[in-house]
Every structure is written in structure tokens, then in C-alpha cells.
*Asks:* 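Below you'll find the structure I mean.
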Amino acid sequence: MATQAEHSSTNRRDFLFVATGAVGAVGAAAVVWPLINQLNPDASTLALASIEFDVGAIPEGQSVTITWRGLPVFVRHRTGAEIEEAKAVPLSELKDPETDEARTKEGHEEWLIMIANCTHLGCIPVGESGDFDGWFCPCHGSHYDSAGRIRRGPAPKNLVVPPYEFVSDTLVQIG
Amino acid sequence: MIGAKTMFKTKIIIAAFAALAGFAGLPAMAAEDSHATPHIERQGWSFAGIFGTYDVHQLQRGFQVFREVCSSCHSANLISFRNLSEEGGPDFSEAQVKALAAEYEVEDATAEGGRRPGVAADRWPAPFANDQEARDANGGSLPPDFSVLAKARGVTDPFPNWVFNYFTGYQEGGADYIHALLNGYHEEAPEGFELAEGKYYNDYFPGKAIGMAPPLAEGSVTYEPGEDGVAVPETLEQYSSDVAAFMMWMAEPHLVSRKQTGFVVLLFLVLFAGLMYGTKRKLWAGIEH
Amino acid sequence: MSEHSSYTPGNAVEKWLDDRLPVVRFAKEHLMDFPTPKNLNYWWTFGAILVMCLGVQIVTGVILAMHYTPNVGLAFDSVEHIRRDVNGGRIIQAVHAVGASMFFVALYIHMFRGLFYGSYKAPREIIWILGVLIFILTVATAFMGYILPWGQMSFWGATVISNIFSAIPVVGENIKQLVLGGFAVGNPTLNRFFSLHYLLPFVIAAIVGLHIWALHVPGNNNPIGVEVKESRDTVPFHPYYTMKDLFAMVVFMIPFAWFVFFAPDILGHPDNYIMANSQVTPAHIVPEWYLLPFYTILRAIDFNVLFIDSKLGGVIAMGGALVMLLIVPWLDTSKVRSGSFRPLFKWFYWLFVINFVALTYLGAQPAEAPYTHLAKLCTAYYFLYFLVILPVLSRIETPKPLPTSISESVLGKAHA
């Protein structure tokens, strides 16, 4: 009898200790999470994560650089010749094979929208230059073509196309 | 022998009561404050107390009053359009906010001509470029910014009422003051009060002479009927309550989620304290102490 | 007490570490097996609660500093940015602001516990002195922290307190300019206060380390004030006091959370929601409640004493009220530690507690009669208590008989 009572009291004690420890662990986790989450982008930053931009004012053959999420973004109104040139390149010649169609929106092929940081080490390439009628990065000599695809030089990837869509004929929502 | 522990506790309680009793008498002894403001009534705010939440319809009406009346002189520099659609606020849709923002022009050094239509992320545009311009347009008085004004005003409760506030969580003195101020105008200053040119007599404004003309009157804002089709009274009383509530929301936009989290936290702490107490007792059970 | 080490390395790795950096040994001896009087009551848990408070302030403070901007043009808005836009910012900011008040609640209880049970007496004088230093540094840290939101109370509090320096004869004005980095409170002041507000908590943490080190030489005092005589007077710190302290911390968190979630602004002042303006003084300047007792003493001296003018007199009184605490171990020479066995002391002690609460209350009242008279009275008792009552009581009082040991005392209680 005595041993049994002792045994059950030990069990109850163990259960209490485990329960207290478990609840304490839950509490600690609930405290730690907000302390980490505060590092995430705040509401004012997130409010600018998606922007609208009217491309209508950019004449053919011209580019503008806008800012999106703190990054420079090229918006280029391409000429017919540039589009032709980009489409004519066989995929086998490309270091990072991607068709021109995949880098533009259907019905809006004249608009090329790309994050303006060289995929090598992040410099901003110079427009309308290089050996492929596109961009040339002066930092380490990467050449991009008229669809922003890497053709020669140390950069491994094409210039990155951000997520975007046309909400009307000329109004683009980026992000 | 009575344990030192028990003795200590009893003494503390006696001391606390003695101290409280002592203070209760003090204000009575204090000289009557001649420039005191009249008593400010507490309103039945939906957001007061620990269970309080904002009334969405009241916030929307308050926003309407702010937009149509107050915002022509008062800025709200810390408020962004997007706040109006954020959780716990007046609950406008994102599309409504986008359309609203587009009605305003904001300054943007990178835009052509330095100005562009507003977007949801923009701050509420100020009516004046700077404080001096605001003063010049308002007879020398500076209309204060609304962003945190409801928390920057308060009502000093006499002892022991302010002690009770610690237990009820009543922090709505600022809204009470704003409501009282809007209802506190007199057409004429009382006999013997020298009212300066361009000033108005208000019971609740410190010094009584306020630079703001009575901003609201019966019917000055047209309300849409409420959801149930019942017309909301277009009275000064209603306007001032609504705008005070809206100002409280501007000052404390996360009030609702703060209190909700609070309930979870307190519930957890009480449960955990109970478990800890059990653990501690079990552990100490075999020890004389 | 710890001459017989309780630690034996269990395996080769532990032995290897122990020969080079005996951290495990240190933790075992000082955090787990440390012999602690078994009769400590709940007033003794406030030491651990204070460690928690310091930790909470440092963690939330480091986080707030990630989002705060110490510039007169941006500081106010950046604090509002934290409250409005940063994820969980409203709560983190409230924990830090309410945490300052809770810190002082615990700090005052801890100090008054020491004063009642004579915890400052030999051989624990250095523990007490380090504690007073921690208190003074915490006051300084809290004061500088209150400047950072750059509201009206921040600005005018800083202005009023920095004028204290100008009371010093001859060099006062120069010292004030040195402290402010200008002729008035401004951007240089805000920046240096931010820097020091960030630095001082770590200095405090280091002194807390010394405070506990000094405590672990003679071990804890206890409610009967009779030293530990044998091992059955004590229990190991872990798990007995770790659990008791943790329980007390959780209970302490309940009012803490109440204020954070349901009344985060009630301990502050509405005027601090108005951005600092050097052209307009708020009608009624009040420091934070935890500084009020000393603010009352500062204001109470409104008369000249010989060649000392009232301003300097107030500053001397306020500084004296703090510095005097350092010599308390030598003012109270009674051989009996615990107030429980001192029939006369008890009355004066509790009057002192009430007096201290009254000083707090008076600091928030306008400087007019009858408050000014009461302030003088209470200030006088504050000084009389330490400088006259404690030394005299030590000579004339006949203490009650002491139990011979802790074990006898707790057994007597159990059978009563």
C-alpha cells in the first residue's frame, strides 16, 4: 500500500513538472517570436512593396529608371528593330536560355521591365551599349542584349524581370 | 511566536491604508484652484476599458467630419491613407482608400513638377506648408496636428479616481476633453472677461480664450443613414463624439489588437502562475521553512 | 561556505574543459548548489525579479534602437513609427516604457526589504553599497531614456534637471554646457543621452555581477537575521529557489502585462505626446513617478541657508538623500539585523515607508500650500531617520531575544 501511494504521488509530481515545463516552453516561444518578427519589413515598407507606374510617357527608344523596393528598375520602350533582334537569337546561343516572349508580356512586347542590377555583382549596367545592342556593365564587362539577356562576360544570369502586370494599356503594377 | 513573515505583511497592509487615508484628505486641504477648468464628463466610449473596441461606423463618420471640416486647418502628419483600410480601424476597403488617395495631390521631389496624385502609402497631406503659414492663416494661432492629439490631452482626475483608472484601464481622458471642448463654446464671454480680438470663449480651453471658431454646428456635415437605414442624428453632440473617437483611433490605431493580445497573455500568465505555484509547493513540501 | 566544491567532472570532456575554463563548475557551485537559507520569504524574490527587469529592458531597448532615430527633427516621429508600423512595435515599446516603472517598483521593494531586515549590516556592507550604485545608475539611465521620445516632458524634464548643474558655484554654468553640448537642451544633448542610455544598462549589468559576487561571499541574509550555522539551515539554490524565484517572476508579470496591454500610457504623461517645443513650457512639469520622492526633496529647499542659496541647497539635499544611503551600514550600529526583533525600530521604519510614499505623492502636487509645508516635513523625516533615529535607536533599544538558529526558528513556527 505504502509503496503504491508513494508511486502515484511521484507520478502526479512528475506530471505537474512536465506540464509546467511545457507551458513555460510555449510561453518562451510566444515571447521570442515577436522579438524576431520585428526585424521583418514594417508596414510602411510593405505599403511600397507594390507600386503602379504609367509607362505612357516614355517615347519609343527611350528608357527610364524607377525605384521599386529600393532597387533601380529599367523600363525601356523598345524599338521594332530591338524586338526583332531579340526574337531572332536562337536559344542555343544563350548562356541563360530564355525567349524574348518569356521576358515580356503578351501584347506589350515593346515594354521591357527589369531590375537594373547586373547579375554578376550588382552594378548598374549602361544602356544602349555593349556588343549586343543592349546593356553593358562597366564594372566587370558583362554584355546584355536587347532583351536584357546575358551574352558575354562574367554575369551568370539574365537581368531579372520583376513580377509585374499591365492593369491597363499603359499602367503597370510592379510587385 | 508569530513568524517574521506574517508580521511584515500585516504591517504593510496597515501602512498602505494609513497612507491612503492620509492622502484622501490632502486635496480638500489644497487651496481652491481659481483657474480650474469645469468638470469634464466621461463619455460612454465604445473603446474605453479593457473590453473596449472601436465602433467602425463611428470611426467612418468621424473620418467624414475630420475630412470635411477639421482637415482644412489641422494636419495629421503621421497618418497614411493606407491606415484607413488597416485592421482595427474605420475598415474602408483598399479600393476605397486608393480612390481617396488619388483625389489628393502630394509632394514628391522625383515626380514631374514636384507633385503627383496620392497613393495609399502616402501620408495625409497637410493643409499648410509649415507652421508659420498655418499661423498666418489662423489669426496667429497654430492648429495642432491631429495624429496623437487625443493622447496628448487628458483629464486630471482627483484622488482617489486616478487610482481606480489603474484597475479599469481608463485612458480616454483625451477623447473626453476633445468632446467637451467642441461642446464648450459660448456665444459671449461672461461679464468681466476680456476676450481678445479673434478669440472665442470656451469653458474647457486652458485660459478660456481659444483661437478656433466653433468648428461644428447642427447639420454642418451630412451623414449617410446607418447600415440599418436609421438616420444618424446630425447634431453637435454626435459630431463631436464621432470626431473624438476618430482622433482616438488616429492616436492609438492598434488598440483593438493590443487588448486582444492582452487577454491571451494574461490568461496564459494566470495559468502558468498556477502551475508554477503547484510545482514550487510540491518541491518544498518536505522542507520546513 | 563554498570551500567544499560540489562539482566533480563526470567524463573526460568535462574534465578537459574544467582544467581550462571552469564555467560548469562555476555554474554548479553558484547557480545550482549554492547553500541558501531555507527561511527566505517572498520579499527575497525581488532580486531575481530585478535581474529579469534588467534583461527585459536590455532586450526591448536593443530592439527599439533598431528603429529609433536620435535626431531632434525625427525622434518623436520615429517613436510613433515604432508604435504604428513596426511589427509588434506597439507592444515592444509599451513593454520598455512600462518596464521602466516595473523596474523601479521592484527596485524600491528590494531596497526597503534590505532596510527592514538589516541586510546592509556587516559583513554585507559592500553588497549594499553596490546596490546603491546600481540604484543611482538606474535613475540616471531612466532619466536619459525619458528624453529620447522627444516630447514636451522629455525636453522640459531635461531642461529642469540639467539646470541642477548650474547650481554648482563658479563652474556650474560651464558644467551645464558640457553636459548639454550647447546652451540649452538640443540635438547634441539628445544624441549623447541616447548613447549613454544604451551604454549604462551594460555597466549596471556588470555591477549586478559584482553585487551577486559580493552576496556569494557571506551568503544571503534572512528574515530572522541570524547567520547560517549548519547545513540543515540551508537548501541548495536549485531547484528550491530557482523555482520560487521563477514563480514570483511570473506573478510579477501579471500586473506588468496588465499595464502593457490595457493601460500603456497611464504611467506616462499626456504632454509627452506633444513634440518638444523650446518656446512653450507645459503648465505643470512632473518627472516620472519613480523620481518624485527625490524631486520633492529638491523642491522642498526653498530657503537660503547661510551662504548656500535655495537652489544649491535643493541640489545638495537631493544629492545627499541618495549619497547618504552609502553610509547607512555605519549609521545603524544595532547588532540585531532583522527589524522583526526590534520593537522600537519597527515603528520608525514603517513611518519612514509612509513618509517615502508621501514624498512621492507630494512630488506630483503643485508647489503651493499645504503641499510645500508637508514636503519640508517629509524631507526632514527622511534625513532624520538615517542621521538621527537609526544611530540613536541602536544605542537605546532593547531587542527581543533572537532564535539561536534558522532551523530552530522554522521549527518553532511549524509547531506554533
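Because the structure is predicted, anything quoted here is derived from the model rather than measured. Proteins come first, then strands; the chains are lettered A, B, ... in the order of their sequence lines, and each starts at number 1.
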*Asks:* What part of C/Ile266 gets within 4.5 angstrom of chain B, counting heavy atoms only: side chain, backbone, both, or neither?
*Replies:* both
*Asks:* Count the heavy atoms belonging to other residues, nucleotides or ligands that lie under 6.0 Å from CD of C/Glu230, then report whether that count exceeds 12.
*Replies:* yes
*Asks:* Mind running ring-ring contact (aromatic ring centres under 6.0 Å, His included) on C/Phe247 and B/Trp284 for me, showing each step along the way?
*Replies:* CA-CA 13 Å; C/Phe247 166 60; B/Trp284 281 80; over 10 Å; no
*Asks:* Report the distance from atom CG of C/Asp85 to atom NE2 of B/His254, rounding to the nearest 0.5 Å.
*Replies:* 6.5 Å
*Asks:* Counting heavy atoms not belonging to B/Tyr277, are there more than 12 under 6.0 Å from its OH?
*Replies:* no
*Asks:* Could you grab the distance from atom CG of C/Leu246 to atom CZ of B/Phe272, nearest 0.5 Å is fine?
*Replies:* 7.0 Å
*Asks:* Does C/Asp271 come within less than 4.0 Å of B/Lys151, counting only side-chain N to carboxylate O?
*Replies:* no
*Asks:* If you count heavy-atom pairs within less than 4.5 Å of chain B, which of C/Met243, C/Met253, C/Arg84 leads?
*Replies:* C/Arg84
*Asks:* Where on B/Tyr170 is there a heavy atom nearer than 4.5 Å to chain C: the side chain, the backbone, both, or neither?
*Replies:* backbone
*Asks:* Quick check for you: to the nearest 0.5 Å, what is the distance between C/Phe262 atom CZ and B/Phe51 atom CZ?
*Replies:* 7.5 Å
*Asks:* Could you measure the distance from the CG atom of B/Asn77 to the CD atom of C/Glu80? Nearest 0.5 Å is fine.
*Replies:* 12.0 Å
*Asks:* For residues C/Ala263 and B/Gly169, report the shortest heavy-atom separation together with the two atoms involved.
*Replies:* CB-CA, 4.2 Å
*Asks:* Verify the neighbour count for atom CD of B/Glu94: are there more than 12 heavy atoms of other residues, nucleotides or ligands below 6.0 Å?
*Replies:* no
*Asks:* What heavy-atom pair brings C/Ala257 and B/Leu266 nearest, and what distance separates the two atoms?
*Replies:* CB-CD2, 3.8 Å
*Asks:* I'd like to know which of C/Pro37, C/Ala94, C/Pro239 tops the heavy-atom pair count under 4.5 Å against chain B.
*Replies:* C/Pro239
*Asks:* Select one option (side chain, backbone, both, neither) describing which atoms of C/Val235 are under 4.5 Å from chain B's heavy atoms.
*Replies:* side chain
*Asks:* Report the distance from atom CZ of B/Arg258 to atom CZ of C/Arg83, rounding to the nearest 0.5 Å.
*Replies:* 10.5 Å
*Asks:* For B/Thr279, is it the side chain, the backbone, both or neither that has a heavy atom under 4.5 Å from a heavy atom of chain C?
*Replies:* side chain
*Asks:* Between B/Leu78 and chain C, which part of the residue has a heavy atom less than 4.5 Å away: side chain, backbone, both or neither?
*Replies:* both
*Asks:* Measure distances from C/Pro264 to the heavy atoms of chain B and classify the residue's part below 4.5 Å as side chain, backbone, both or neither.
*Replies:* both
*Asks:* Does any heavy atom of chain C fall under 4.5 Å from the side chain of B/Val148, the backbone, both, or neither of them?
*Replies:* both
*Asks:* Chain C: which of B/Ala152, B/Gly173, B/Gly154 shares the most heavy-atom pairs with it under 4.5 Å?
*Replies:* B/Ala152
*Asks:* Report the C-alpha distance between B/Tyr166 and C/Trp258 in whole Å, list the side-chain angles of each, state the deciding distance to 0.1 Å, and finish with yes or no for side chain to side chain contact (heavy atoms under 4.5 Å, CB included).
*Replies:* CA-CA 9 Å; B/Tyr166 283 52; C/Trp258 173 270; 5.8 Å; no
*Asks:* Could you walk me through whether C/Thr242 and B/Lys280 pass side chain to side chain contact (heavy atoms under 4.5 Å, CB included), step by step?
*Replies:* CA-CA 9 Å; C/Thr242 42; B/Lys280 186 248 155 195; over 6 Å; no
*Asks:* Do the non-hydrogen side-chain atoms of B/Phe263 and C/Phe261 ever get within less than 4.5 Å of each other?
*Replies:* no
*Asks:* So that I can tick it off, tell me whether B/Glu252 and C/Arg90 are bridged by a salt bridge, with the cut-off set at under 4.0 angstrom between side-chain N and carboxylate O.
*Replies:* yes
*Asks:* If you measure from CD1 on B/Ile287 to CG on C/Asn39, what distance do you get to the nearest 0.5 Å?
*Replies:* 12.0 Å
*Asks:* Could you tell me which portion of B/Phe167 (side chain, backbone, both or neither) has an atom closer than 4.5 angstrom to a non-hydrogen atom of chain C?
*Replies:* backbone
*Asks:* Of all of C/Pro270, C/Ala283, C/Ser407, which one pairs up most often with chain B through heavy atoms under 4.5 Å apart?
*Replies:* C/Pro270
*Asks:* Which atoms of C/Phe76 come close to chain B, meaning under 4.5 Å heavy atom to heavy atom: side chain ones, backbone ones, both, or neither?
*Replies:* side chain
*Asks:* Can you say whether B/Ile50 sits under 4.5 Å from chain C via the side chain, the backbone, both, or neither, judging by heavy atoms?
*Replies:* both
*Asks:* Which atoms of B/Ile79 come close to chain C, meaning under 4.5 Å heavy atom to heavy atom: side chain ones, backbone ones, both, or neither?
*Replies:* side chain
